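Residues: numbered from 1 along the sequence shown. None of the values given here were measured: they were computed from a predicted structure.
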Amino acid sequence: MSAPLLDVRSLAKRFELRGGLFGRSAGVVHAVQEVDLRVAPGETLGLVGESGCGKTTVGRSLLRLVEPSAGEILYRAPRASLVGSALEGRGRTEGDRAVLDVRALRGRELRALRRHLQIVFQDPFASLNPRLTVGQALSEPLVVHGLARGAEARARVAALLERVGLRPEHAARYPHEFSGGQRQRIGIARALALEPRFVVLDEAVSALDVSVQAQVLNLLLDLQRDAGLAYLFIAHDLAVVRYVAQRVAVMYLGRIVEEGPSAEVLGAARHPYTRALIAAAPRRSASGIAPRLVLAGEPPSPLAPPAGCAFHPRCPLVEERCRSERPLLLPSGGAHQVACHLASRGAS
């Protein structure tokens with residue numbers, strides 16, 4: 001991979017629980033632990049795993065929507081794109097790029113970073129202000145960042161709506177007047193308003209009907225091709241991830257357990273958890289939908305992660321070493337990495 005657009009090292013996020021009359025600490029939730037990610041310009045990295053594994057927390061931590069507890073987030077921006085902003089002159093230089101430490105930015109600098117890094121949320125209705133028209137919602141970031149006002153802002157809003165498959169006259173309507181698919185297109189338009197280079201797509205199509213999903217996915221791919229966008233595509237539907245992502249990272253209990261090219265990870269998984277996820281996906285058989293394979297047991301609590309490999313209480317290949325020694329994410333041939341002591345066994 002060339003120099004990554006976003007380079008994440010040892011990212012961690014812990015949430016302290018408090019309870020009782022005096023708000024004493026009731027424990028710490030280890031939501032994300034030692035996550036490393038690289039996303040190249042124009043690339044889609046899929047992030048998959050069961051509900052509660054920490055996928056959304058990773059995405060929001062990258063954008064500082066939640067504050068990471070530890071780790072480093074580096075963003076490489078063309079220096080020309082920083083001219084005139086609060087980020088001009090910040091970061092070290094790599095050729096014509098500035099390498100920005102995302103966690104070190106504050107105030108005006110962090111606001112300026114929002115032009116470069118954006119997010120599309122899972123629920124398109126909850127993410128839109130019901131009291132604002134679509135035109136107001138899309139023009140607000142333009143005004144806040146000093147990019148356009150008045151007639152110029154209205155013209156840019158109309159162009160944004162057409163770009164995502166809607167009509168300029170839709171700018172006068174409110175969110176409740178649209179279907180779910182149309183609302184998600186509005187959410188995508190809002191994310192694109194500031195012309196970002198990296199977008200987190202947090203389950204961006206999971207709430208949509210299958211036919212609408214296909215339309216929105218194709219829209220996202222078209223936008224990526226036209227604007228050179230990089231995506232972190234958070235999802236639980238492996239078929240969708242296979243369709244849009246060049247690389248896939250698999251999370252379990254806050255850690256990456258397998259990562260590599262999507263064709264290798266989803267076609268020849270080496271971690272038992274990844275293989276279980278693939279086996280659990282609905283598949284068609286001669287008589288219809290084949291039965292789903294469900295993992296036994298529940299994921300351990302992030303309040304008290306088990307020793308050794310976190311997957312060992314549910315793993316069909318578990319050995320004594322797995323109960324006491326946590327496996328590291330190590331190369332397993334080419335660009336494929338896996339965190340499993342027994343990765344060479346039972347490959348499918």
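The backbone N or O of F125 sits less than 3.5 Å from a side-chain atom of D123, completing a donor-acceptor pair. Not a single donor-acceptor pair under 3.5 Å links the side chain of K13 to the backbone N or O of H30. K55 places a side-chain N or O within 3.5 Å of a backbone atom of G49 that can act as its donor or acceptor partner. A donor-acceptor pair under 3.5 Å links the side-chain atoms of H341 to the main chain of E325, judged by distance alone. Using a distance-only test at 3.5 Å, with no hydrogens or angles considered, a donor-acceptor pair links the side chain of E177 to the main chain of Y174. A donor-acceptor contact shorter than 3.5 Å is absent between the side chain of Q118 and the backbone of V199. No donor-acceptor pair under 3.5 Å is formed between the side chain of Q184 and the backbone N or O of G181. In this structure, the side chain of E16 does not engage the main chain of V28 through any donor-acceptor pair within 3.5 Å.
Annotation: the span from L208 atom CG to R183 atom CZ amounts to 10.0 Å, rounded to 0.5 Å. The structure places CG of L232 at 8.5 Å from CG of L6, a figure rounded to the nearest 0.5 Å. One distance of note links CG of L105 with CZ of R103; it measures 11.5 Å at 0.5 Å rounding. The line from CG of L11 to CG of L62 is 6.0 Å long, rounded to the nearest 0.5 Å. For the atom pair CG (L217) and CG (L221), the distance works out to 6.5 Å, reported to the nearest 0.5 Å. The distance from the CZ atom of R156 to the CZ atom of R149 is 13.0 Å, given to the nearest 0.5 Å.
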*Where do L223 and R163 land on the side chain to side chain contact (heavy atoms under 4.5 Å, CB included) test, with the steps shown first?*
CA-CA 8 Å; L223 294 169; R163 193 177 181 189; 3.6 Å; yes
_side chain to side chain contact (heavy atoms under 4.5 Å, CB included) for E259 and V265? Distances and angles first, verdict last._
CA-CA 7 Å; E259 188 269 329; V265 173; 5.9 Å; no
*Dump the intermediate steps for side chain to side chain contact (heavy atoms under 4.5 Å, CB included) on L45 and V248, then the final yes or no.*
CA-CA 6 Å; L45 172 65; V248 176; 5.7 Å; no
*Passes salt bridge (charged side-chain N to carboxylate O under 4.0 Å, His left out), E162 versus R167? Steps please.*
CA-CA 6 Å; E162 290 184 322; R167 298 193 302 273; over 6 Å; no
*side chain to side chain contact (heavy atoms under 4.5 Å, CB included) between H145 and R114: does it pass, once the steps are laid out?*
CA-CA 9 Å; H145 287 270; R114 304 295 187 210; 4.1 Å; yes
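We find that R154 and E152 are not joined by a salt bridge, their nearest charged nitrogen and carboxylate oxygen being 4.0 Å or further apart. We find that R115 and E195 are not joined by a salt bridge, their nearest charged nitrogen and carboxylate oxygen being 4.0 Å or further apart. In this structure, D7 pairs ionically with R38, as a charged nitrogen and a carboxylate oxygen lie closer than 4.0 Å. Salt-bridge annotation for E319 and R321: absent, with no side-chain N of the basic residue lying under 4.0 Å from a carboxylate O of the acidic one.
Under a hydrophobic-cluster definition in which Ile, Leu, Val, Met, Phe, Trp and Tyr are linked whenever side-chain heavy atoms come within less than 4.5 Å, directly or via other members, V66 and V8 are assigned to different clusters. Transitive grouping of hydrophobic side chains (ILVMFWY, heavy atoms separated by less than 4.5 Å) brings L110 and L117 into a common cluster. Put simply, F233 and L219 are part of the same group of oily side chains (I, L, V, M, F, W, Y) that touch within less than 4.5 Å, one to the next. In the hydrophobic cluster analysis, where Ile, Leu, Val, Met, Phe, Trp and Tyr join through side-chain heavy atoms closer than 4.5 angstrom, V143 is grouped apart from L138. Under the 4.5 Å side-chain contact rule for hydrophobic residues, L160 and V144 do not share a cluster.
E203 and H236 share a side-chain donor-acceptor pair at under 3.5 Å. There is no side-chain donor-acceptor pair under 3.5 Å between S262 and Q246. Inspection of the Y243 and D237 side chains reveals no N or O donor paired with an N or O acceptor under 3.5 Å.
Looking only at side-chain heavy atoms (C-beta outward), R64 and R106 come within less than 4.5 Å of each other. With contacts defined as side-chain heavy-atom distances shorter than 4.5 Å, the pair V39/Y231 does not qualify. Taking the side chain as every heavy atom from C-beta outward, R60 and F121 approach each other to under 4.5 Å. In this structure the side chain of L201 never reaches within 4.5 angstrom of the side chain of I234, judged on heavy atoms. Under the 4.5 Å side-chain criterion, counting only non-hydrogen atoms from C-beta, P299 is in contact with E50. Side-chain contact between L342 and C322: present, with at least one pair of heavy atoms (C-beta onward) separated by less than 4.5 Å. You'll find the side chain of L128 reaches within 4.5 Å of the side chain of R190, heavy atoms only. For the pair R97/V99, no side-chain contact is recorded, criterion being any heavy-atom separation below 4.5 Å from C-beta on.
When all heavy atoms are compared, the tightest approach of L142 to A193 is CD2-O, 3.5 Å. The two residues T274 and A269 make their nearest non-hydrogen contact at CG2-CB, 3.6 Å. The two residues L37 and I256 make their nearest non-hydrogen contact at CD2-CD1, 4.3 Å. Taking each heavy atom of A310 and Y252 in turn, the nearest pair found is O-CE2, 3.5 Å. Here the shortest heavy-atom pairing between L132 and P175 reads O-CD, 3.4 Å. Shown here for A204 and V120, the closest heavy-atom pair between the two residues is CB-CG1, 4.1 Å.
The local environment of CZ in R131 is sparse, with at most 12 non-hydrogen atoms from other residues, nucleotides or ligands closer than 6.0 Å.
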Acceptor/donor pairs from residues 68-91 side chains to any protein atom, 3.5 angstrom cut, sequence neighbours excluded:
unit_1, atom_1, unit_2, atom_2, d
S69, OG, R14, N, 2.9
Y75, OH, H116, ND1, 2.9
Y75, OH, R197, NH1, 3.4
R76, NE, E94, OE1, 2.9
R76, NH1, P4, O, 3.2
R76, NH2, E94, OE2, 3.4
R79, NE, T93, OG1, 3.2
R79, NH2, G91, O, 3.4
R79, NH2, T93, OG1, 2.6
S81, OG, P78, O, 2.6
S85, OG, L82, O, 2.8
S85, OG, L87, N, 3.1
E88, OE1, G84, N, 2.8
R90, NH1, E109, OE1, 2.5
R90, NH1, E109, OE2, 2.4

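Of the residues Q337, R275, H271, H336, the one that meets the side-chain hydrogen bond (donor to acceptor under 3.5 Å, both in side chains) test with E258 is H336. Of the candidates P305, P300, S301, S301 is the only one forming a side-chain contact (heavy atoms from CB on, under 4.5 Å) with L303. The residue from I278, V257, V338 that alone fulfils the side-chain contact (heavy atoms from CB on, under 4.5 Å) condition with V250 is V257.
Aromatic rings from F178 and H170 are positioned such that their centres are separated by under 6.0 Å.
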